[in-house]
Amino acid sequence: MKELLQQRLAQALAAAQAAGEVSAVDCPLPGLERPRQAEHGDLATNLALTLAKPCRMNPRALAEIILRHLGDAGGILQKAELAGPGFINFFLKPTAWLAILPEILAQGDQFGRGTWGQGQKVMVEYVSANPTGPLHVGHGRGAALGDVLGRMLRFGGCEVLTEYYINDAGNQMATLGRSLLYRARELRGSTEPFPDNHYRGEYMKDLAAEFLALPEHVDILQQPWDQAVATASAWAGAKILRGIQDDLAAFGVVIDSYYSERSLLERGAVEAAFDQLRQRGFLYEAEGALWFKATAFGDEKDRVVRRSNGELTYFASDIAYHLDKFQRGYNRLIDIWGADHHGYVPRLKAAVAGLDRPAEDLNMVLVQMVNLLRNGEPVAMSTRAGEFVTLAEVVEEVGADSARFLFLTRRYEAQLDFDLEVAKSKSMDNPVFYVQYAHTRVKSVLRKAEQEGVALPDPAGVELERLALEEEVDLARRLAEFPALAEAAARNLEPHRVTYYLHELAGAFHSYYNAHRVLVDEPALAAARLVLIQAVGQVLAGGLALLGVSAPEAM
RNA sequence: GCGCCUGUAGCUCAGGUGGAUAGAGCAACGGCCUUCUAAGCCGUGGGUCGGGGGUUCGAGUCCCUCCAGGCGCGCCA
């Protein structure tokens with residue numbers, strides 16, 4: 001609809017220029033937007049305002065000329081009028097909007113699917129928490145975001161792989177093994193104090209008990225220490241990772257690929273990446289360590305990649321990992337990180353540039369903190385003491401649908417207050433129920449129609465013009481916006497736009513539902529309204545599916 | 001000290017890439033169920049868009065500066 005009008009406008013402008021009434025200046029596709037005020041029509045353009053200066057013309061006079069060449073734009077316009085300093089307001093024929101309804105029903109859950117992403121191979125990496133403990137709420141926000149971005153980009157036509165990078169190679173794995181053994185010793189009666197800088201969460205005690213109970217570990221504490229640590233860390237790492245996968249699954253998140261840092265190192269990927277950097281002159285030795293020349297690409301200082309004790313830094317394997325992603329054929333990398341890692345961004349971008357890849361192909365999404373509340377009061381969370389509210393606990397308490405939706409009601413750049421009591425409440429405080437409820441109401445009416453023996457109409461045979469109410473045309477207009485909204489939300493990596501859209505659509509439907517009956521006595525009108533609400537239900541379900549939230553038949 | 005994010009109604013937040021008279025939910029107050037689910041709807045009140053400059057026909061939106069809050073600034077991960 002919008003596209004059609006844009007074309008007609010461009011044609012009208014071209015015609016005016018050809019007639020010599022307007023000087024020929026370059027003009028991009030004319031901008032069309034929906035005015036805030038209904039009196040300003042369905043769509044409006046500021047074309048004449050933007051062109052006035054380069055054409056050295058009065059904007060209103062310019063608009064008059066364009067209007068004359070536009071005519072009725074191929075029959076979709078009821079009227080077009082000049083307004084204010086030079087806006088052109090378009091009033092579409094109601095039937096122009098209603099035409100979307102049969103289309104929605106025909107396309108079903110494919111309605112809104114885009115093609116803009118075709119040819120893009122995107123990797124979305126998210127969560128990637130160290131397998132040293134369970135996921136907490138903050139991870140949940142990143143998980144919801146990554147999962148939904150993956151869904152939205154696929155919906156737009158991109159080829160997407162989601163991946164979890166397992167940091168299973170660094171010092172923290174040995175620390176994990178030792179932590180497990182210390183707890184195991186306590187279980188065997190040791191009274192030595194638990195050392196600092198180890199994982200002291202309660203979950204380690206449970207793991208230690210489970211670990212000791214296995215027959216193959218009966219004499220683990222009698223084994224040489226290094227050997228025992230290796231056994232313990234491998235066992236605990238694998239165990240914790242399985243737990244993380246279970247927690248994610250309960251949250252509705254299934255990640256395509258789990259990629260091991262250790263496997264990367266064993267393949268010699270780091271040395272290969274170093275070779276590439278070295279060839280380009282971005283590696284050098286100093287003070288006994290190996291450095292990457294990050295300052296060549298705008299970072300504030302150069303960064304160590306191999307320490308003077310010979311160990312690789314975390315950064316080194318990250319360079320290799322990102323090179324590996326490109327080598328696997330992905331041309332757009334999206335990394336979702338906690339905002340507390342933002343200081344790390346310039347050096348990784350620098351590394352990508354140093355590997356001769358465009359730094360803008362790497363998108364860092366920095367998710368801000370989650371403040372967990374209960375009835376408005378902060379819930380204490382101390383990672384240091386190893387005590388935090390886990391994602392699993394939150395999902396258990398409030399449900400995956402509610403948690404996901406609420407995590408996606410904010411821009412990721414903004415901190416999020418997550419109140420457990422609100423998330424749990426089945427009331428109007430909780431936006432997810434508001435949207436789901438609208439969907440169940442649609443389904444409820446359809447069930448009622450079936451009960452009353454009213455056959456669902458064939459959309460092709462329905463007299464859509466019977467939908468003459470302002471609310472009905474408004475609903476159709478909102479539905480018609482969904483494809484563009486899904487595209488904009490995906491392109492800008494902004495899932496919250498979908499949540500807001502759904503909330504508004506649900507609101508418009510609730511109002512309509514309360515004010516008007518669908519199953520009226522007059523068959524032609526009832527049929528038209530059934531088509532309308534089916535389309536509403538379809539878009540609600542489609543939008544919720546993008547968010548990974550269920551669209552229940554009944555509540 | 002430097003860097004990133006944030007500042008919009010009492011509270012929590014939206015404001016598709018500069019557009020016309022700034023929006024929603026919650027909270028407050030008043031109404032609506034013998035009719036398709038009241039987890040809903042209708043109505044009322046509520047604002048120096050943190051402050052100050054600038055850019056232009058036009059700024060919540062772009063630039064500069066100041067203020068306030070959050071988070072970071074290791075040869076840690």
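Order of the sequence lines sets the chain letters (A, B, ...), proteins ahead of strands, with each chain counted from 1.
Distances from the side chain of A/R517 to the nucleotides B/G72, B/U35, B/C41 place B/U35 closest. The side chain of A/A83 sits closest to B/A20 out of B/C5, B/A20, B/A77. Considering only side-chain atoms of A/A44, the nucleotide from B/A77, B/G74, B/A20 that sits closest is B/A20. The side chain of A/D340 approaches B/C71 more closely than any other nucleotide in the set B/C71, B/A39, B/C5. Which of B/C42, B/G3, B/C75 sits closest to the side chain of A/H342 comes down to B/G3.
If you check every strand for non-hydrogen atoms under 4.0 Å, A/A489 touches nothing. Counting non-hydrogen atoms under 4.0 angstrom, A/H439 reaches nothing in the nucleic acid. Backbone-only engagement by A/H510 is indicated by non-hydrogen atom pairs under 4.0 Å involving sugar-phosphate atoms exclusively. Using a 4.0 Å heavy-atom cutoff across all strands shown, A/T132 reaches no nucleic acid atom at all. Using a 4.0 Å heavy-atom distance criterion, A/R441 is classed as a sugar-phosphate-only contact. A/A554 comes within 4.0 angstrom of a base, heavy atoms only. Backbone-only engagement by A/E300 is indicated by non-hydrogen atom pairs under 4.0 Å involving sugar-phosphate atoms exclusively.
The only option from A/Y259, A/Y258, A/Y126 that meets the ring-ring contact (aromatic ring centres under 6.0 Å, His included) definition with A/Y164 turns out to be A/Y258.
Atom-to-atom, CD of A/Q451 to C1' of B/U35 comes out at 14 Å; the value is rounded to the nearest Å. When rounded to the nearest whole Å, the span between CD of A/Q436 and P of B/G40 equals 13 Å. The interatomic distance linking A/L373 (CG) with B/C11 (C1') rounds to 12 Å, in whole Å.
Ring geometry for A/H496 against A/Y500 counts as perpendicular: the plane angle is over 60°, on a 0 to 90° scale with 30° as the lower cut. Using bins of under 30°, 30° to 60° and over 60° for the plane-to-plane angle, the ring pair A/F297/A/F292 lands in the parallel bin.
When the P atom is compared between B/U44 and B/G72, the two are found 46 Å apart, to the nearest whole Å. The C1' atoms of B/G45 and B/A27 are separated by 13 Å, rounded to the nearest whole Å. With both ends at atom C1', the span from B/U12 to B/G74 equals 38 Å, rounded to whole Å. Atom C1' of B/C11 sits at a distance of 27 Å from the matching atom of B/G16, rounded to the whole Å. Taking atom C1' in both B/G7 and B/G60, one finds a spacing of 12 Å when rounded to whole Å. Nucleotides B/U21 and B/C67, compared at atom P, are 34 Å apart to the nearest Å.
Between A/P35 and A/R303, the residue anchored nearer the 5' end of RNA chain B, judged by the nucleotide with its closest heavy atom, is A/P35. Between A/F315 and A/N89, the one whose closest nucleotide on RNA chain B sits nearer the 5' end is A/N89.
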(request) Quick one: do A/Y501 and A/V539 satisfy side-chain contact (heavy atoms from CB on, under 4.5 Å)? Show the steps, please. (result) CA-CA 11 Å; A/Y501 169 82; A/V539 172; 3.8 Å; yes

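Electrostatic pairing of A/R306 and A/E271 counts as a salt bridge here, judged by a charged N lying under 4.0 Å from a carboxylate O.
The base of B/G25 does not come close enough to the side chain of A/H503 for any donor and acceptor atom to sit less than 3.5 Å apart. Judged by distance alone, with hydrogens and angles left aside, A/S308 brings a side-chain donor or acceptor within reach of the base of B/C75, the pair sitting under 3.5 Å.
Across all strands shown, the partner of B/G7 is B/C67, judged by Watson-Crick or G-U wobble contacts whose two distances both fall under 3.5 Å. Both distances falling under 3.5 Å, in either a Watson-Crick or a G-U wobble arrangement, place B/C73 opposite B/G1. Nucleotide B/A14 has no partner under the Watson-Crick or G-U criteria, as no pair reaches both atom distances under 3.5 Å. Base pairing analysis places B/G40 opposite B/C32; the two distances defining the Watson-Crick or G-U wobble pair are each below 3.5 Å. Using the Watson-Crick or G-U wobble rule with both distances under 3.5 Å, B/G58 pairs with nothing in any strand shown.
In this structure, the side chain of A/S402 engages the main chain of A/A423 through a donor-acceptor pair within 3.5 Å. Between the side chain of A/N492 and the main chain of A/A488, a donor-acceptor pair closer than 3.5 Å is present.
By the 4.5 Å heavy-atom criterion applied to side chains, A/E163 and A/Y321 are counted as neighbours. A 4.5 Å side-chain heavy-atom check between A/R347 and A/F315 finds at least one atom pair inside the cut-off.
Base orientation at B/G16 is syn, since its O4'-C1' glycosidic dihedral falls within 90° of 0.
Checking the phosphate oxygens (OP1, OP2) of B/A39, no side-chain nitrogen or oxygen of A/Y513 falls inside 4.0 Å.
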(request) Could you run through nucleotides 12-19 of chain B and give me one letter per nucleotide, 5' to 3': B if any protein heavy atom sits under 4.0 Å from the base, S if only the sugar-phosphate is that close, - if neither? (result) SSSSBB-B

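Taken to the nearest 0.5 Å, the CG atom of A/D335 stands 12.0 Å off from the NE2 atom of A/H341.
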